[in-house]
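Within every chain, numbering begins at 1; the chains are lettered A, B, ... in the order of the sequence lines, protein sequences first and strands thereafter. Values in this document were obtained by computation on a predicted structure and should not be read as measured data.
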Amino acid sequence: MAVTQTVEQPASRRIVIEPVTRVEGHGKVTILLDEQDRVKQARLHIVEFRGFERYIRGRPYWEAPVLVQRLCGICPVSHHLAAAKAMDQIVGVDTLPPTAEKMRRLMHYGQMLQSHALHFFHLVSPDLLFGFDADPAVRNIIGVARKFPDLAVQGVMLRKYGQEIIKATAGKKIHGTGAIPGGINKNLSVEERDGFLKDLDQIFTWARDALKIARDYSMDHLKELADFGSFDSNHLSLIRADGAMDLYHGGLRAIDAKGKRIFDHVDYRHYLNYIAEEVKPWSYMKFPFIKALGPEKGWYRVGPLARLNTADFIDTPEAEAARQEFMTLTKGKPNNITMAYHWARMIELLHSVEKIRDLLHDPDLQGTDLVARGERRPVGIGLIEAPRGTLFHHYEVDDNDQIVRCNLIVSTTNNNMPMNRAVEKVARDFLEKVEITEGLLNRIEVAIRAYDPCLSCATHAMGRMPLEVEIVGADGRLRARGGKGVEIR
Amino acid sequence: MSEETVSITIDGVEIEATPGQTILQAADAAGIYIPRLCAHPELEAFGACRVCTVKVNGRPQAACTTPVAKGMMVENDTSELLEYRRSLIEMLFVEGNHFCMFCERSGNCELQALAYRFGITAPRHDYQYPVRTLDGSHPEVFIDRNRCILCGRCVRASRDVDGKHVFDFVGRGHEKRIWIDAEARLADTPLKGEDRAVSVCPVGAILRKGTAYRDPIGRRAYDHRPIGSDIEACRPAEKKG
């Protein structure tokens, strides 16, 4: 339940929301006011710290894919695979055996399916089905299960299918060991394959239905959503050599809000020439930006919306048809609507199911050539399109096979400035007096949630994701404080 | 009873043993599992870990070092001894830095497997978090001393099987640790990756490079059957149950 209060400090101006619910991690928002009590800036503080980059030092490099995935219990496969891709380079492998790459891709699409399903059905659907202002006691997954039981079950079953694919490829549904430097440790048995094929038609039906819900909701509420927490931004993702969306591998493409290419097909091993991170004193989460544009203009969005915007096309027919319809909305130009993330996410969910189908029919998955080896190298950089966006893993390994340096830029970190902008936009539009209303709290949460942030990952920290909001006046003093209890993670 | 054998009783079951056998060897041959860590069938008995402690005619003895004698009454699977062994295993966990969740020996580790067999979900003692060193200098072998349980298998295997004496104990009491026959680096010893000293390590302390996580989850030694079940499977049908 929401708890709001006005702090008895008449001369001060400050607002706090706590806690943000139904996102992964822990966050706090401060709204800074100007002399006229108008919103000057909003800050999403991430106040957790975990230190994976530090304590991975000294560990043998082959442990990284298994160790670092412990950052997260929601999409550990992303970290597992990004680290494994980095370790492929460490062991001197640029091209994996087909069975290894396809098994990893299958694992990744399984994860994309389960993570997107979790977010849409469990975390977001209460907002869409009941409205942003509905009673929080109803506006949660239990409320969805009561009023829309079929939908709740579909969410669970879609997620289960993805998790079972992860288990078949990584050995466990959470924190498996499938990807090893230079390859994979198992193939897919015919029995496993046939088990998945048996349920595929049903999964397709549910995935199409989920896309339809997201699409219809977006179109039906376009007027109110178009401007909600929205702003122009750059977009960044990996892209396949032919311009297709590729969630597992590719070069880096960045475009501006109008669709102009900032850079394209950049070998991600040179990412440091293109991307830098800014540190701000009020958050443990860094602020990445495109170097050429500087921190003020170089920040960008990642994730489903960015990927839809950067891709020239999607290489599976149903998702491509959905992409074309999605892009029609903005006449082929990049879509900068924050709430369009949900629609884009469900297009990716269907794409993942199509990819899973294609892979299941590929006999390479039953191959036995699983691992390649090459000349040892000192540096390994692995990028992947995680459910929440581009994920960077960068390691340096010494002659004793021990990691001496590690840098992680996780998806949510890339979306740090966009989330701040989304909160700021909502605060400008919905803060009427210097007080935190239920409506404001809800809308700030809805805007943040569109990015499906995993704040635990972003600071490499663990914990729950309550949201605190504070309003701070021009003189730096607290004016109001509000927040919410934890609902569902 | 044949003339070459003696008869002993383990938990009320009479078994035949060959003179010269230890209680552990006799029990293994009869399909009775006595938990152990430092004992290894190819290595000389050492009696270090005490996990195989049984009661012989009422007195605690290490089953791996005690020879059989006619008419011995051995207690093995009793609540008192199980609790005793359980405590020993728990102490091994807190004395080192054992992070099973990312250890490459997970699923193939005898210490972890014993913990599962004994139903240990968390130790009752405080973790000591000792500061231990790693040695990655060797091209084929990696040492992570965080996970060493001082079973001495590597010491015996290197000396008696490999004929090299690469490993030995240094220090005493709480400071005791495994060290190598070189100034500082494993690379400076004659150790080879295929040496028995490497493969006998029951935990993730001495690791063959290039083998990590090669066994998929589900196909590791203890994924489906508890440690000791291979021995118990050899128990003659009439003595089962």
- prompt: Contact part of A/V371 toward chain B, heavy-atom cut-off under 4.5 Å: side chain, backbone, both or neither?
  reply: side chain

- request: Below 4.5 Å from any heavy atom of chain A, which atoms of B/Y213 appear? Answer side chain, backbone, both or neither.
  value: both

message: Between A/I180 and chain B, with a heavy-atom cut-off of 4.5 Å, which part of the residue counts as in contact: side chain, backbone, both or neither?
response: side chain

Evaluation steps, salt bridge (Lys or Arg N to Asp or Glu O under 4.0 Å), between B/R225 and B/D230: CA-CA 8 Å; B/R225 298 188 337 150; B/D230 53 338; 5.8 Å; no

Contacting moiety of A/E63, where chain B heavy atoms sit under 4.5 Å: both

query: Side chains of B/D135 and B/H138: do they bring a donor and an acceptor to under 3.5 Å?
result: no

Under 4.5 Å from any heavy atom of chain B - which part of A/A170: backbone

query: Can B/N146 and B/D144 be counted as having a side-chain donor-acceptor contact under 3.5 angstrom?
result: yes

task: Check the pair B/E104, A/R59 against salt bridge (Lys or Arg N to Asp or Glu O under 4.0 Å), reporting the backbone distance first and the verdict last.
output: CA-CA 12 Å; B/E104 64 192 79; A/R59 301 306 310 168; over 6 Å; no

- prompt: Hey, are B/S229 and B/R117 close enough side-chain-wise for a donor-acceptor pair under 3.5 Å?
  reply: no

